[in-house]
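For this chain, numbers begin at 1 and follow the sequence in order. The figures that follow rest on heavy atoms only: side chains count, while hydrogens, waters and symmetry mates do not.
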Amino acid sequence: GFQNASSPLMEQLIFFHDHTLTILILIISIVGFNLFSTMHNTNIDQHMMESQGLELFWTIIPSFILIFIGLPSIRLLYLLDEVYNPAITIKTIGHQWYWSYEYSDFINLEFDSYMIPSNEMEMNMFRLIDVDNRMMAPLNSQVRTLITAADVLHSWTVPSMGIKADAVPGRLNQVNFYTNRPG
């Protein structure tokens with residue numbers, strides 16, 4: 001399962017996943033039933049084995065299924081890449097063992113976010129996830145994040161919002177998100 005969605009785009013991603021999984025389960029069930037019934041059927045019909053109508057059916061139906069999956073996928077790809085008017089821009093820089101964040105829209109605010117060592121963790125913290133300074137994003141507003149790296153490749157991910165972007169040295173990647181749930 002997925003985490004609870006924190007953005008409308010992640011809700012759409014979960015709906016698309018369920019839509020595609022329903023279609024795949026239906027296809028697997030039909031093909032499995034046909035395989036099972038063919039293996040246990042002793043009567044072989046010559047017209048069924050060399051039917052042009054059947055060949056036309058199993059050629060055209062998969063194309064309709066691909067369209068039925070592909071159109072929502074293309075719509076979702078465009079929604080994920082859509083650039084709205086952001087309320088704030090956060091620059092995220094990946095370093096080898098920590099992340100740096102810069103909020104340069106309102107005030108010149110910069111800080112580093114280091115992972116909390118295992119020996120300093122409390123019982124309610126997550127190992128290898130909790131940090132000393134968390135990035136804060138405003139609720140119910142569009143946020144643009146510019147992601148880059150200073151030294152090596154990194155991956156900046158927020159699974160509950162459906163965001164994953166690679167931080168590459170010398171390249172600036174842009175991710176937009178809208179948060180509708182605190183956390």
Just by modelled atom types, is the [Y] backbone N or O under 3.5 Å from a matching donor or acceptor in the [X] side chain?
X      : Y      : value
His17  : Gly1   : no
Ser37  : Asn34  : yes
Asn133 : Asp112 : yes
Asp130 : Ile116 : no
His95  : Asp151 : no
Thr59  : Glu55  : yes

Should [X] and [Y] count as side-chain neighbours, where that means a heavy-atom distance under 4.5 Å?
X      : Y      : value
Leu80  : Leu13  : yes
Glu110 : Ser100 : no
Trp99  : Met135 : no
Thr179 : Ser7   : no
Thr89  : Ser104 : no

Any chance you could measure [X], atom [atom1], to [Y], atom [atom2], to the nearest 0.5 Å?
X      : Y      : atom1 : atom2 : value
Leu24  : Ile69  : CG    : CD1   : 5.5 Å
Thr20  : Phe15  : OG1   : CZ    : 13.5 Å
Thr145 : Asn173 : OG1   : CG    : 11.5 Å
Met161 : Met10  : CE    : CE    : 11.0 Å
Leu172 : Thr92  : CG    : OG1   : 10.0 Å
Ile61  : Ser63  : CD1   : OG    : 7.5 Å

Hydrophobic cluster membership, with links at side-chain heavy-atom distances under 4.5 Å among I/L/V/M/F/W/Y: are [X] and [Y] in one?
X      : Y      : result
Ile88  : Trp156 : yes
Met136 : Leu109 : yes
Ile67  : Leu76  : no
Phe16  : Ile14  : yes
Ile129 : Trp97  : no

Can you give me the closest heavy-atom contact between [X] and [Y], atom names plus distance?
X      : Y      : result
Ser6   : Asn180 : O-OD1, 2.7 Å
Pro138 : Val143 : CD-CG2, 3.8 Å
Asn85  : Gln142 : O-CB, 3.9 Å
Ser113 : Tyr98  : O-CB, 3.3 Å
Ile90  : Tyr101 : CG2-CD2, 4.2 Å
Ile147 : Ala165 : CD1-CB, 3.5 Å

Decide, yes or no, whether a salt bridge links Arg134 with Asp132 under the criterion of side-chain N to carboxylate O below 4.0 Å. no
Exceeds 12 heavy-atom contacts within 6.0 angstrom, atom CG of Asp81: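 Count not over threshold, so no.
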In terms of heavy-atom contacts, does CZ of Phe2 have more than 12 from other residues, nucleotides or ligands at under 6.0 Å? yes
Under 30°, 30 to 60°, or over 60°: which ring-plane class applies to Phe111 and Tyr103, parallel, tilted or perpendicular?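 Parallel.
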